[in-house]
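Right, one structure below, let's go through it.
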Amino acid sequence: MLRARDRSRGPRDRRWIFVPYDQLNHRFGPLASTPPGETGIVMIESRAKADRRPYHKQKLALVLANQRQFALEQADRGVAVRYVMAEDDYATVLRELSRELGRITMMRAAERELRAELRPCIADGIVEELPHAGWLTDRDIFRRSQRSAPWRMQRFYETVRRESGILMEPNGRPVGGRFSFDTENRRRWRGEPRPPQPLRFVPDPILTEVGELVARDFASHPGQLDLTSLPTTAADAARVWSHALLECLPWFGPFEDAMSVSETTLFHTRISPLLNLHRLLPRDVVDDAVAAHLPLASKEGFVRQVLGWREFMRHVHEETDGFRSLPKGSQLHEHGEPLPAAFWGRPSGLACLDHVVDQVWREGYSHHITRLMILGNLATLLEVSPRELSDWFWVAYTDAFDWVVEPNVLGMASLGLPGLFTTKPYVSGAAYIDRMSDFCGRCRFDQKRDCPITPMYWAWLARHREELIGNPRMALPLRSLARRTDAQQAADQRVWRETLARMAGAEPR
Ligand SMILES: Cc1cc2nc3c(=O)[nH]c(=O)nc-3n(C[C@H](O)[C@H](O)[C@H](O)COP(=O)(O)OP(=O)(O)OC[C@H]3O[C@@H](n4cnc5c(N)ncnc54)[C@H](O)[C@@H]3O)c2cc1C
Ligand code: SF4
């Protein structure tokens, strides 16, 4: 597609940097420190990578269009660009190119999958690996913050706040007197204030071409393509962030846990795909949020997500080599029931589940609480295989990459890694869903009378009672469970089995 622009010099006169699909920013790492005229970048579209999983069409379009736009942006800066469209994997292409370009530099890949693929190239000296400059924290601070497993995000977050001085007073106390304002961020949304609408974009020829490619070559992949919702240029990314900062973050905190049929994003920022591709740099969004005039509960809530949860999840993934090497006493539970067809878009009759699934296949996005307390909750209550659930999230969401999707699904939203880094399982009955959303009003089930989720919750607690005894955060639900009669508990288990069977045989839409 693009070739080195400056033909008066040989390719070996430049420093060649491999820019993977998720390092698309010239303001960090070796691209930031080498003058454009002395730099070349290698970018690869690998068909082998795209074919590895049935990724949502929207994700393929997002990644490919951002890669292509980034290549053009760098060419405009005077960087030489070698853009390869290959059937092969990245390692094969880099080996081939290194014969012509010499040793190629890259920042350590964020995804374990890519690190594993490139390990032989690094060992052979074909590729020189530098630390990844996009993270806000390093492994030392993660380790300093935890004496040993089980790991706790709060300990990590407080250590990072103290050591970085972010949202800290000069006297060493957290701004506002507390490290977390989470307890204030649990309001149901009842129509006011009006949430901002997600930005739309006019597809340019690059995005249009990518859209045609995805529609043609990946027709069998799931999900709808909507090019007008895809930010693809550096300018688009800046617009998304400015919109998030000005329009979403002022109300981000109070409605962080709210869910609604009519407003799927509410006051969430939708920046995760751009952060994970590094179109937006985490350090910029944290700095801007800290400097902005925002209510403290919203400001702290946002900082905790990016500086706390996002960094913590990545450390957990790397520390365990993607859960292949677990601390003593921990075990990965991957098996269980097959994922119901409802997750692939067949109606289940559960309005909460069907609404969120519909949104995911339309947009490749849903916000945190719908991921955790609808999709994760339902799958856990149904005893779905944590691995199948994780693989589903991996293909369904545009922001999914191994370092972030696996810890969130295996460790937080399912019982894949009980207790390794969460203090309680995230499960609930229908009362929570009704309290935090308006889904129940649109459902054929009545939340109090015949909704299967509450009996499934009791049935789940009963099946897992032995594992949960001793967890102080589960003491109250277990006391309530003990008050249920034997007949009620037998009926609970029956509802679970019937719901599972019904969802396994759900009719296609
Ligand atoms: C089951 C499950 C699966 C998830 N899968 C992914 C995934 O594949 N990719 C992904 O980026 N996030 C994932 N998350 C975390 C979180 O749900 C998303 O980052 C968030 O919903 C993205 O939407 P947003 O940008 O509007 O976030 P906002 O609510 O506006 O939050 C701001 C930012 O905080 C960061 N953040 C918040 N929570 C987390 C978290 N738990 N882990 C990592 N970053 C976090 C994200 O970068 C996000 O953009 C998952 C969470 C759950 C419960
Ligand atoms: S009634 Fe039950 S199934 Fe229906 S939306 Fe509410 S919680 Fe979901």
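The first residue of the sequence shown is numbered 1, and numbering continues consecutively from there. In listed order, ligands and their atoms are each counted from 1.
The proximity of Phe393 to ligand 1, defined as any non-hydrogen pair under 4.0 Å, is limited to the side chain. At a heavy-atom cutoff of 4.0 Å, ligand 1 is contacted by no atom of Leu375, backbone or side chain. Only the side chain of Phe302 comes within 4.0 Å of ligand 1, counting heavy atoms alone; its backbone N, CA, C and O stay farther away. Only the side chain of Ala413 comes within 4.0 Å of ligand 1, judged by heavy-atom distances.
Protein heavy atom in closest approach to atom 41 (N) of ligand 1: Asn408 OD1, 2.9 Å. Ranking the protein heavy atoms by distance from atom 33 (C) of ligand 1 puts Val306 CG2, 3.8 Å first. Nearest protein heavy-atom contact of atom 17 (O) of ligand 1 is His368 ND1, 2.8 Å. With hydrogens left out, the protein atom closest to atom 11 (O) of ligand 1 is Asn276 ND2, 2.9 Å, a heavy atom. Thr269 OG1, 4.0 Å is the protein heavy atom nearest to atom 27 (O) of ligand 1. With hydrogens left out, the protein atom closest to atom 35 (C) of ligand 1 is Gln305 O, 3.7 Å, a heavy atom. The closest protein non-hydrogen atom to atom 8 (O) of ligand 1 is Ala400 CA, 3.1 Å. The closest protein non-hydrogen atom to atom 48 (C) of ligand 1 is Ser272 CB, 4.1 Å.
For Lys424, the NZ atom is densely surrounded, since the number of other residues' heavy atoms within 6.0 Å is greater than 12.
In this structure, Phe267 and Trp251 have tilted ring planes: the angle between them lies in the 30° to 60° band. A perpendicular orientation is assigned to the rings of His315 and Phe156, their planes being inclined by more than 60° (bins at 30° and 60°). Aromatic ring orientation, Phe312 versus Trp309: perpendicular (interplanar angle above 60°, classes split at 30° and 60°). The aromatic rings of His268 and His367 lie parallel to each other, their planes meeting at an angle below 30°, with 60° marking the opposite boundary.
Both the sub-6.0 Å distance and the 45° axial angle are satisfied by Arg463 relative to the ring of Trp496. In this structure, Arg161 is not positioned above the aromatic face of Phe179 in the sense of NZ or CZ being under 6.0 Å from the six-membered ring centre and within 45° of the axis. Geometrically, Lys59 engages Phe401 in a cation-pi contact defined by less than 6.0 Å to the ring centre and at most 45° from the axis. Because its NZ or CZ atom is both nearer than 6.0 Å to the ring centre of Tyr365 and within 45° of the ring axis, Arg371 counts as a cation-pi partner of that residue.
Not a single N or O atom of Tyr397, backbone or side chain, sits closer than 3.5 Å to an N or O atom of ligand 1.
A salt bridge links Arg200 to Asp226: one of the charged nitrogens lies within less than 4.0 Å of a carboxylate oxygen. The residues Arg52 and Glu113 are annotated as salt-bridged, a charged nitrogen and a carboxylate oxygen being separated by less than 4.0 angstrom. Of the charged side-chain nitrogens involved, at least one lies within less than 4.0 Å of a carboxylate oxygen, so that Glu318 and Arg108 count as a salt-bridged pair. The residues Asp287 and Arg283 are annotated as not salt-bridged, no charged nitrogen and carboxylate oxygen being separated by less than 4.0 angstrom.
Shown here are the protein N/O/S atoms lying under 2.8 Å from atom 4 (Fe) of ligand 2, water excluded: Cys443 SG.
A donor-acceptor contact closer than 3.5 angstrom is absent between the side chains of Thr269 and Gln305.
At least one heavy atom of Tyr365 sits less than 4.0 Å from an atom of ligand 1. Residue-ligand proximity: Phe312 is placed with every non-hydrogen atom at 4.0 Å or more from ligand 1.
Each of Glu111, His278, Gln67 was checked for a side chain to side chain donor-acceptor pair (under 3.5 Å) with Tyr21, and the lone residue meeting it is Glu111.
Every atom of ligand 1 with a heavy atom of Arg270 under 4.0 Å away is listed here by number and element: 24 (P), 25 (O), 26 (O). Residue Val405 has at least one heavy-atom neighbour below 4.0 Å for each of these atoms of ligand 1: 8 (O). Of all atoms in ligand 1, listed by their number and element, those nearer than 4.0 Å to a heavy atom of Phe252 are 28 (P), 29 (O), 30 (O). Counting the atoms of ligand 1 from 1 in the order shown, those under 4.0 Å from a heavy atom of Leu275 are 47 (O). Residue Leu372 has at least one heavy-atom neighbour below 4.0 Å for each of these atoms of ligand 1: 53 (C). With ligand atoms numbered from 1 in the order given, ligand 1 contributes 42 (N) to contacts under 4.0 Å with heavy atoms of Met313.
Judged purely by atom type and a 3.5 angstrom limit, Arg194 uses its side chain to pair as donor or acceptor with the backbone of Gly191.
Among His367, Met412, Arg371, His268, the residue whose heavy atom lies closest to atom 20 (C) of ligand 1 is Arg371.
Residue pairs meeting the salt bridge (Lys or Arg N to Asp or Glu O under 4.0 Å) criterion with at least one member in residues 400-417, sequence neighbours excluded: Arg387-Glu406.
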